[in-house]
Colleague: 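Once you've had a glance at the structure underneath, I'll fire off some questions.
Just so it is clear, the values below take in all heavy atoms, side chains as well, and ignore hydrogens, waters and symmetry mates.
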Number of protein chains: 2
Amino acid sequence: MRLLLVEDDRLLAEGLASQLEKAGFSVDVTRSANEAIILGEQEDYKAGVLDLGLPDGNGLDVLRKWRSSKVIFPVLILTARGDWQDKVNGLKAGADDYLAKPFQTEELIARLNAILRRSEGRVHSTVKVGRFELDENRQRLIIEDGTEHSLTGTEFRLLRCLMGRPGHIFSKEQLMEQLYNLNESPNENTIEAYIRRLRKLVGPETIATKRGQGYLFNDPV
Amino acid sequence: MRLLLVEDDRLLAEGLASQLEKAGFSVDVTRSANEAIILGEQEDYKAGVLDLGLPDGNGLDVLRKWRSSKVIFPVLILTARGDWQDKVNGLKAGADDYLAKPFQTEELIARLNAILRRSEGRVHSTVKVGRFELDENRQRLIIEDGTEHSLTGTEFRLLRCLMGRPGHIFSKEQLMEQLYNLNESPNENTIEAYIRRLRKLVGPETIATKRGQGYLFNDPV
DNA sequence: CCAGATTTTCAGAAAGAGTTCAGGTTCGTG
DNA sequence: CACGAACCTGAACTCTTTCTGAAAATCTGG
């Protein structure tokens, strides 16, 4: 679940990023308004967290730029405590929610999940790697040759994990953690079995085995 | 396309307004019942969105006042999730449609457009998807082969929900929310039973099952 | 209060997803 | 090159979800 965090205060940004990552998000951080605009337009985020006070520009302008191009992921803005005007302007500029500083990280995570739920369906979210495209709404895999495959829940979660970071090696233990919870984790062979099923769809070379280390989705470069 | 939004929750109101404006409406917002009555009578709106819970009066009274004077624009009421009684009373008081909170803004926009079309003097307000046409006034399903079927209330609401967003997967929980309320929501099998009946009308492939996810009305492409 | 229409429930059948198993294959190392 | 560990593979098994037909319950208008 990729997320863009636009935050000026480096310390706060790092703290938030680490907690958000613990909550299952994969977070990119920037403190520059201009970079934020470009990243938002080019990368495929599922949501944005936007601090309004930035060194090289106003956060609202970032948001307006995004909304006037076709950036549609939901955005939560962080406002200084009690700055009512900022809230209103932010919502007018197309923000989906706001949070006043200071706040608890749990609150932020809860609201993020809320706007993500709300935006489901509105955002046509896909992960694209090489010839493959994963439609997260419909849980489908689209291949460049035009074929389309419906995935089961576990197939989908596993593939999303791998495609979410192409070229990165995931150990079987890591994959188990992603797919299951502590109380009910099955045999590790289950992962192997699912890897096999996915390979039948994407071809054997696309998902590589690093013996003793894990699996990776081949980065197309 | 002027629109009056009567909503207590300021945050929600702002968010909705901004999105409705994006959808091409020009929105006036008020949170007061009395102001709503006056605005509705004096201004020339094309439609109203009315939250029933207001600080200084009941939304239903606003609606009744409007209808007893000669305010005729279509009104969509927002009810607390599952407040079935409110829905019924609202429709009796002259509302044109209702939407249970929480809802997706898209859904609101879609329904607004529906009641606007209906009010624009079109005799037949219909939703058309592929070979199927849903007549919202007569609560009937018309199929391209010329057959016509009248639907029961629940059949109709369910089918309208599905056909309102072809290709979108609705979970059973979502469908339950749209059709029922919390206090008296039946067994989930009820949905299955209705799906079955609808399939007998539209054919088994038209409404697809996404196991573990929900149902969808197949988008014709 | 009755009769017909509508809605809801039930329970068994069917289908699908998730998991395990038993054996085969490959890899790296001594 | 032989051996064990890691991995692959296809099929079988288990469990959950969905389907289905019919019956029970509820509602509605007369």
Colleague: Assign each of A/G214 and B/G214 to its nearest nucleotide of DNA chain D by heavy atoms, then name whichever residue's nucleotide is nearer the 5' end.
Modeller: A/G214
Colleague: Where each residue is assigned the nucleotide of DNA chain D containing its nearest heavy atom, which of B/K200 and B/K210 is assigned the position nearer the 5′ end?
Modeller: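 On the 5' side of the pair lies B/K210.
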Colleague: With no hydrogens and no angle check, just 3.5 Å: does a side-chain donor-acceptor pair link B/R199 and B/T209?
Modeller: yes
Colleague: Atom CD of B/E192 and atom P of C/dA14: how far apart are they, to the nearest Å?
Modeller: 17 Å
Colleague: Do the side chain of B/R211 and the base of D/dT17 come within less than 3.5 angstrom through a donor-acceptor pair of N or O atoms?
Modeller: yes
Colleague: Verify the neighbour count for atom CZ of A/R140: are there more than 12 heavy atoms of other residues, nucleotides or ligands below 6.0 Å?
Modeller: yes
Colleague: May I have the distance from A/Y215 (atom OH) to D/dA6 (atom C1'), rounded to whole angstrom?
Modeller: 9 Å
Colleague: When the nearest nucleotide of DNA chain C is assigned to B/S150 and to A/N189 on a heavy-atom basis, which residue is associated with the more 5' position?
Modeller: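 Closer to the 5' end of DNA chain C: B/S150.
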Colleague: Nearest whole Å is fine: how far is D/dA24 P from B/N187 CG?
Modeller: 17 Å
Colleague: Choosing from C/dT20, D/dT18, D/dC19, which nucleotide comes nearest the side chain of B/K172?
Modeller: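 Closest nucleotide to the B/K172 side chain: D/dT18.
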Colleague: Rounded to whole Å, how long is the line connecting atom CZ of A/F156 with atom P of C/dA17?
Modeller: 15 Å
Colleague: Using OP1 and OP2 only, check whether a side-chain N or O of B/R197 sits under 4.0 Å from D/dT20.
Modeller: no
Colleague: Start with the C-alpha gap between B/F217 and B/H168, add the side-chain angles, then the distance that decides, and say whether side chain to side chain contact (heavy atoms under 4.5 Å, CB included) holds.
Modeller: CA-CA 7 Å; B/F217 198 95; B/H168 181 259; over 6 Å; no
Colleague: Could you state the CD-P distance from A/E188 to D/dA5, rounded to the nearest angstrom?
Modeller: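 Answer to the nearest Å: 15 Å.
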Colleague: Would you mind telling me which residue lines up with the more 5' stretch of DNA chain C, A/A193 or B/G153, judged by nearest nucleotide?
Modeller: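 Nearest-nucleotide comparison on DNA chain C picks B/G153.
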Colleague: Quick one: A/Y194 OH to C/dC21 P, roughly how many Å, whole number?
Modeller: 16 Å
Colleague: Tell me what B/T154 touches on the nucleic acid: a base, only sugar-phosphate, or nothing, going by heavy atoms under 4.0 Å.
Modeller: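 Sugar-phosphate: the residue B/T154, judged by heavy atoms under 4.0 Å, touches backbone atoms but no base.
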Colleague: Tell me whether the side-chain N/O atoms of A/T152 come closer than 4.0 Å to OP1 or OP2 in C/dG18.
Modeller: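 Yes.
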Colleague: What's the CZ-C1' distance between B/R199 and D/dT20, to the nearest Å?
Modeller: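 From B/R199 CZ to D/dT20 C1': 11 Å.
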Colleague: Could you tell me whether a side-chain N or O of A/T126 sits under 3.5 Å from a main-chain N or O of A/K128, the two making a donor and an acceptor?
Modeller: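 No.
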Colleague: Do B/S32 and B/N34 have side-chain atoms, one donor and one acceptor, less than 3.5 Å apart?
Modeller: no
Colleague: Have a look at B/T209 and say if it touches a base, only the backbone sugar-phosphate, or nothing, with a 4.0 Å heavy-atom cut-off.
Modeller: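 Since only primed, P, OP1 and OP2 atoms lie under 4.0 Å of B/T209, the category is sugar-phosphate.
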Colleague: Let me know the distance between CD of A/Q213 and C1' of C/dT26, rounded to the nearest Å.
Modeller: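 Atom CD in A/Q213 sits about 16 Å away from atom C1' in C/dT26.
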